[in-house]
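Data first, discussion second: the structure below is written as structure tokens.
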Amino acid sequence: MLKKPSKVQGFEILYDEDTIKERVAELADRINLDYADKTPLLLIILKGSFIFAADLVRHLNIKHKLEFMTVASYFDNDPHTSGELELRLDLKRNIDGEDVIIVEDIVDTGKTLNYIYHSLQVRQPASLEIVTLLDKKESREVDLSIKYSGFDIPNRFVIGYGLDEAGFFRNLPYIAMKEEER
Ligand code: IMP
């Protein structure tokens with residue numbers, strides 16, 4: 001029997017595997033419907049979105065393409081990225097006239113996604129939408145229109161299902177939230 005990763009101290013489970021699976025399938029179904037007559041390009045933002053994206057695309061039954069992009073903050077270890085952002089792995093192809101869907105793991109202040117959105121918008125895609133698994137709405141600092149969102153979560157630090165703490169815990173099959181300090 002394979003041993004599953006054990007519980008991480010200081011974190012409580014927020015969404016278990018089944019709950020995530022169900023919600024990801026629902027998001028994919030909505031994309032399947034909305035893009036039924038299109039061939040979208042899904043732009044996966046590394047690294048955090050890799051597991052979400054892998055599960056999402058396996059529920060898609062429309063023809064689509066995938067590309068990957070990395071955005072780095074100069075404050076890499078601070079989740080509240082307030083500093084300069086830089087495209088590390090920029091798109092090597094044109095996206096003009098394409099229906100682009102940005103695939104993100106989590107939106108916090110919204111600064112990262114806002115930066116990505118505007119860097120892509122100037123390349124004149126036919127349409128540009130966002131799918132995020134998690135949304136910390138309370139901490140939003142910039143206006144963003146998110147068409148597909150998995151879960152609205154409280155303004156607490158989360159790990160697992162691709163999300164890390166200092167590079168660790170991306171492999172957890174569930175999403176766990178930092179326990180409040182007493
Ligand atoms: P934003 O620019 O403030 O929206 O931050 C978004 C980025 O911060 C995400 O792409 C994550 O890399 C990181 N982040 C924000 N909140 C969390 C969290 O709770 N856990 C892990 N990473 C987070």
Side-chain angles (χ1 to χ4, degrees), residues 1-36 40 42-62 64 66-73 76-81 101-114 116 129-141 144-182:
M1 255 279 273
L2 275 175
K3 243 180 121 184
K4 291 212 168 175
S6 51
K7 192 181 170 300
V8 179
Q9 214 182 353
F11 284 85
E12 57 189 295
I13 293 185
L14 181 62
Y15 299 114
D16 63 19
E17 274 183 85
D18 288 344
T19 309
I20 299 171
K21 210 183 249 178
E22 211 173 293
R23 191 66 186 127
V24 171
E26 283 170 6
L27 288 175
D29 279 348
R30 285 188 51 202
I31 295 173
N32 283 330
L33 276 178
D34 293 352
Y35 290 81
L42 275 80
L43 187 49
I44 295 151
I45 310 301
L46 297 172
K47 302 171 188 165
S49 307
F50 83 109
I51 292 182
F52 169 46
D55 284 346
L56 184 78
V57 300
R58 281 179 290 177
H59 284 288
L60 293 183
N61 55 29
I62 46 164
H64 63 278
L66 303 177
E67 289 288 343
F68 300 86
M69 214 166 128
T70 301
V71 181
S73 153
D76 253 350
N77 291 322
D78 178 0
H80 293 96
T81 51
I101 307 175
I102 305 169
V103 182
E104 183 61 298
D105 51 351
I106 187 165
V107 188
D108 188 5
T109 63
K111 287 179 180 173
T112 308
L113 209 41
N114 191 47
I116 295 170
E129 299 293 353
I130 296 166
V131 55
T132 184
L133 179 66
L134 305 173
D135 189 354
K136 289 185 185 172
K137 275 209 175 112
E138 287 167 35
S139 42
R140 190 64 35 80
E141 288 178 24
L144 267 181
S145 158
I146 299 178
K147 186 150 188 191
Y148 309 100
S149 169
F151 303 99
D152 286 344
I153 63 164
N155 187 14
R156 304 248 301 273
F157 195 76
V158 289
I159 54 168
Y161 199 69
L163 288 143
D164 74 308
E165 184 186 46
F168 297 107
F169 309 124
R170 293 193 196 274
N171 64 315
L172 299 177
Y174 52 82
I175 294 166
M177 180 165 73
K178 198 158 208 146
E179 284 167 355
E180 277 188 299
E181 292 180 15
R182 291 157 213 269

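Side chains included, hydrogens not; waters and symmetry mates left out as well; all remaining heavy atoms used.
- Among Asp152, Leu14, Val107, Ile175, the one residue that satisfies the side-chain contact (heavy atoms from CB on, under 4.5 Å) test with Leu134 is Ile175.
- Here the straight-line distance linking atom CE of Met177 with atom CZ of Phe157 works out to 12.5 Å at 0.5 Å rounding.
- Note that NZ of Lys111 and CG of Leu144 are 12.0 Å apart. Values are rounded to the nearest 0.5 Å.
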Report, one line per pair, each donor and acceptor closer than 3.5 Å where one atom sits in a side chain of residues 47-57; sequence neighbours left out.
from: Ser49; atom 1: OG; to: Ile45; atom 2: O; distance (Å): 2.9
from: Ser49; atom 1: OG; to: Val103; atom 2: O; distance (Å): 3.2
from: Ser49; atom 1: OG; to: Glu104; atom 2: OE1; distance (Å): 3.4
from: Ser49; atom 1: OG; to: Asp105; atom 2: N; distance (Å): 3.0
from: Asp55; atom 1: OD1; to: Arg58; atom 2: NH2; distance (Å): 2.8
from: Asp55; atom 1: OD2; to: Tyr161; atom 2: OH; distance (Å): 2.6

Full working for side chain to side chain contact (heavy atoms under 4.5 Å, CB included) between Tyr148 and Asp34: CA-CA 11 Å; Tyr148 309 100; Asp34 293 352; 2.6 Å; yes

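- Atom CG of Leu66 and atom CD1 of Ile44 lie 4.5 Å apart (nearest 0.5 Å).
- Classification of the Tyr15-Phe151 ring pair by plane angle, with boundaries at 30° and 60°, yields parallel.
- The side-chain heavy atoms of Glu165 and Val8, taken from C-beta on, include no pair separated by under 4.5 Å.
- Side-chain contact between Asp108 and Asn155 is present, with heavy atoms from C-beta onward closer than 4.5 Å.
- When side chains are defined from C-beta on, His59 does not count as touching Asp29, because their heavy atoms never get closer than 4.5 Å.
- A pairwise comparison of heavy atoms in Ala36 and Ile62 identifies CA-CG2, 3.9 Å as the closest pair.
- The two residues Ile20 and Pro173 make their nearest non-hydrogen contact at CD1-O, 3.8 Å.
- No side-chain heavy atom of Leu133 sits under 4.5 Å from any side-chain heavy atom of Leu163.
- Under a 3.5 Å cut-off, the side chain of Lys136 and the backbone N or O of Arg156 do form a donor-acceptor pair.
- To the nearest 0.5 Å, atoms CG (Leu113) and CD1 (Ile102) are separated by 5.5 Å.
- Here the side chains of Leu42 and Ile31 are not in contact, with every heavy-atom distance at 4.5 Å or above.
- Within 6.0 Å of NZ in Lys7 there are more than 12 heavy atoms belonging to other residues, nucleotides or ligands.
- At least one side-chain heavy atom of Met69 sits under 4.5 Å from a side-chain heavy atom of Ile116.
- To the nearest 0.5 Å, atoms CG (Asn32) and CZ (Arg30) are separated by 12.0 Å.
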